[in-house]
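Computation of the quantities below employed the complete heavy-atom set of this structure, encompassing side-chain atoms and omitting hydrogens, waters and symmetry-equivalent molecules. Residues: numbered from 1 along the sequence shown.
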Amino acid sequence: METYDALLASITPAPGQDRRTIFDPATGEAVGDAPVHSVEDLQRAVDAAAAAQPAWAALGHDARSAALMKAADAVERSAEELAQLLSREQGKPLNGPNARFEVGACAAWLRATAATPLDPETVVDDGETHAELHYRPIGVVGAIGPWNWPMMITVWQIAPALRMGNAVVVKPSEYTPLSVLALAAIINEELPEGLLSVVSGGRDVGEALASHDAIGKVMFTGSTATGKAIIRSSADTVKRLTLELGGNDAGIVLPDSDPKAIAEGLFWGAFINTGQTCAALKRLYVHESQYEAVCSELAAVAAAMPMGNGLDENNVLGPLQNRQQYDIVARLVDAARDSGARILLGGNPDADQPGNFYPTTLVADIDNDNPLVAEEQFGPALPIIKYSTVDEAVAKANALDVGLGASVWSSDLTAAREVASRIQAGTVWINKHGAVDPRVPFGGAKQSGYGLEFGAEGLKALGVPQVING
């Protein structure tokens with residue numbers, strides 16, 4: 001694509017097609033029109049995918065990986081246009097770990113997925129038995145994505161599916177369809193026709209995808225409630241599932257930490273993408289000996305981070321993507337204030353400001369059972385809870401029915417790793433939070449979902465295991 005306008009024109013609905021206008025969450029201005037696809041459109045996409053998949057699978061890993069490498073090049077050629085569209089539609093700023101970062105991650109994940117080795121595994125070879133474990137394509141994979149990282153998470157889903165020889169039908173969030181449509185249009189420059197489709201529909205399309213008898217696997221990132229509905233919808237066709245569901249990640253600051261040294265890491269762990277990240281730090285437990293120092297240092301860092309329209313190069317925090325999420329954050333912060341918690345920073349949105357801007361908010365002296373702690377806020381509000389013993393902190397961290405990620409902050413790596421081993425979460429980071437890597441498996445515990453993404457384990461999850469014995 002040569003320009004932003006050309007990129008947008010490439011995904012504009014055809015005359016006569018149902019459409020819906022998407023609005024900028026920072027300004028309320030129209031970004032563009034997205035097609036409103038139907039269940040019939042989904043069926044056509046699935047039929048095309050099923051027709052294209054066998055030839056794609058027959059190419060083998062090397063040829064498919066080469067195509068993904070070319071797709072990464074195509075994404076990079078249109079990186080600035082994609083970032084501009086993402087910023088306008090999702091709200092995240094161009095700079096910081098935001099829109100340009102997300103588009104760059106799309107290219108990086110395509111390349112890493114293409115480069116990850118996955119050879120047949122000899123499981124027994126004792127002179128009498130020779131057994132090898134292979135992974136064969138599933139067929140057609142359905143991918144249902146969220147609105148918080150719409151481009152990056154779509155690539156997390158489609159890259160390993162394509163690498164393993166599958167075709168993919170994507171159903172994006174109704175809040176951010178333009179970003180996914182544009183990304184797919186660019187990737188499709190390097191793929192056979194029909195192999196990758198985006199069906200931009202409503203809940204009826206998502207439900208039909210999850211129950212479709214020609215779709216062998218569904219990948220979903222989103223709420224636990226929707227994940228449970230997908231499990232039910234997939235049961236009759238015994239679909240394979242990878243579910244990355246809601247989290248309410250805990251962070252534990254141990255008594256030997258340096259509050260000033262960890263403050264910026266804590267901030268970005270909690271407030272990346274203005275807090276709209278499944279594996280963001282959402283409740284922070286700090287030992288009583290360092291509580292006030294951590295609160296003070298974190299507030300100083302947070303106060304210096306500019307929030308505003310994402311197209312302003314100076315901003316690193318943006319609006320909440322939709323008003324529904326804004327209302328959730330406002331309700332939880334108001335409940336915390338009404339309970340007597342101390343508002344260190346923020347909590348005072350400007351009613352006259354256009355857009356879905358909620359200020360960066362830190363809340364101290366709050367009970368562990370307060371709704372702001374017990375519920376996933378998914379926005380720019382962090383509760384900071386005081387603890388007396390490490391056993392108490394671990395018990396509180398493990399008390400909820402979710403376990404996507406967690407973190408431990410300490411100057412003593414041995415002590416941090418020991419505490420990390422006691423936390424019930426799919427990933428526990430040390431002295432950082434939410435740092436995903438395409439080489440490192442990622443998945444949730446408890447009601448944060450199941451199945452692994454990334455690396456060789458993520459590739460295996462997009463294949464059917466087959467043992468050849470003899």
Side-chain angles (χ1 to χ4, degrees), residues 61 64-65 68 72 102 105-121 123 133-138 141 143-146 148-149 152-166 168 217-222 224 227 231 239-251 269 272 277-281 398 402-408 413 416-417 419-465:
H61 281 291
R64 295 194 298 265
S65 291
L68 293 183
E102 180 168 348
C106 290
W109 246 268
L110 284 163
R111 291 200 175 98
T113 304
T116 299
L118 185 64
D119 298 319
E121 179 185 351
V123 291
L133 177 60
H134 298 252
Y135 289 86
R136 308 302 186 195
I138 295 168
V141 171
I144 304 175
N148 57 335
W149 295 92
M152 185 173 72
I153 290 178
T154 293
V155 167
W156 290 0
Q157 296 170 331
I158 67 176
L162 292 169
R163 161 69 195 280
M164 293 301 289
N166 304 295
V168 191
K217 169 148 189 165
V218 171
M219 302 187 75
F220 171 73
T221 296
T224 298
I231 294 170
K239 291 193 196 317
R240 289 164 168 78
L241 298 174
T242 294
L243 303 174
E244 195 243 270
L245 307 180
N248 194 344
D249 289 12
I272 186 172
T277 298
C278 294
L281 172 57
N398 288 340
V402 290
L404 187 58
S407 56
V408 180
L413 285 179
R417 288 172 180 147
V419 173
S421 70
R422 299 167 60 192
I423 297 177
Q424 298 164 0
T427 300
V428 183
W429 291 276
I430 295 175
N431 293 328
K432 55 189 174 184
H433 196 112
V436 292
D437 185 313
R439 302 165 298 177
V440 179
F442 178 72
K446 298 193 278 192
Q447 291 194 35
S448 288
Y450 48 74
L452 289 172
E453 299 177 272
F454 313 159
E457 296 303 317
L459 293 179
K460 292 175 184 178
L462 271 302
V464 177

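- In this structure the side chain of Pro465 reaches within 4.5 angstrom of the side chain of Leu133, judged on heavy atoms.
- A search for side-chain contact (heavy atoms from CB on, under 4.5 Å) contacts involving Ala420 returns Val408, Val428, not counting sequence neighbours.
- Here the CG-CD distance, from Leu462 to Gln157, works out to 9.5 Å after rounding to the nearest 0.5 Å.
- The heavy-atom pair separating Ser448 from Gly403 by the smallest distance is OG-N, 2.9 Å.
- Residues that satisfy the salt bridge (Lys or Arg N to Asp or Glu O under 4.0 Å) test with Arg111, not counting sequence neighbours, are Asp73, Glu76.
- Residues Ala105 and Met152 come closest through the heavy atom pair CB-SD, 3.5 Å.
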Exercise for review: Show your reasoning for whether side-chain contact (heavy atoms from CB on, under 4.5 Å) applies to Asp437 and Phe454.
Suggested key: CA-CA 8 Å; Asp437 185 313; Phe454 313 159; over 6 Å; no
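- The shortest non-hydrogen separation linking His433 to Asp249 is NE2-OD2, 3.0 Å.
- Few gaps surround CZ on Arg136; more than 12 heavy atoms of other groups in view lie less than 6.0 Å from it.
- Under the 30°/60° scheme for interplanar angles, the aromatic rings of Trp109 and Trp156 are found to be tilted.
- Looking at every heavy atom in both residues, Lys446 comes nearest to Asn398 through NZ-O, 3.1 Å.
- The CD1 atom of Ile153 lies 10.5 Å from the CE atom of Met219; values are rounded to the nearest 0.5 Å.
- Between Asn148 atom CG and Glu102 atom CD the span is 8.0 Å, to the nearest 0.5 Å.
- Rounding to the nearest 0.5 angstrom, the gap separating the OG1 atom in Thr242 from the CZ atom in Phe220 is 12.5 Å.
- The side-chain heavy atoms of Thr427 and Val440, taken from C-beta on, include no pair separated by under 4.5 Å.
- Looking at every heavy atom in both residues, Leu68 comes nearest to Ala114 through CB-CB, 4.0 Å.
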Check your understanding: Hey, mind stepping through Ile138 and Met164 against side-chain contact (heavy atoms from CB on, under 4.5 Å) and telling me if it holds?
Key -> CA-CA 8 Å; Ile138 295 168; Met164 293 301 289; over 6 Å; no
Practice item. Starting from the C-alpha separation in whole Å, work towards a yes-or-no answer on side-chain contact (heavy atoms from CB on, under 4.5 Å) for Lys460 and Leu118. Key: CA-CA 8 Å; Lys460 292 175 184 178; Leu118 185 64; 3.8 Å; yes
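- The neighbour count for Lys432 NZ, taken as heavy atoms of other residues, nucleotides or ligands under 6.0 Å away, does not exceed 12.
- With values rounded to the nearest 0.5 angstrom, Gln447 atom CD is found 13.0 Å from Leu404 atom CG.
- The nearest pair of heavy atoms linking Val168 to Ala161 is CG2-CB, 3.6 Å.
- Partners of Glu453 under the salt bridge (Lys or Arg N to Asp or Glu O under 4.0 Å) rule, at least two apart in sequence or in another chain, do not exist in this structure.
- Separation of atoms CG (Leu281) and CH2 (Trp429) is listed at 10.0 Å; rounding is to 0.5 Å.
- Using a 4.5 Å heavy-atom threshold, the side chains of Ile158 and Val141 count as separate.
- Using a 4.5 Å heavy-atom threshold, the side chains of Leu459 and Tyr135 count as separate.
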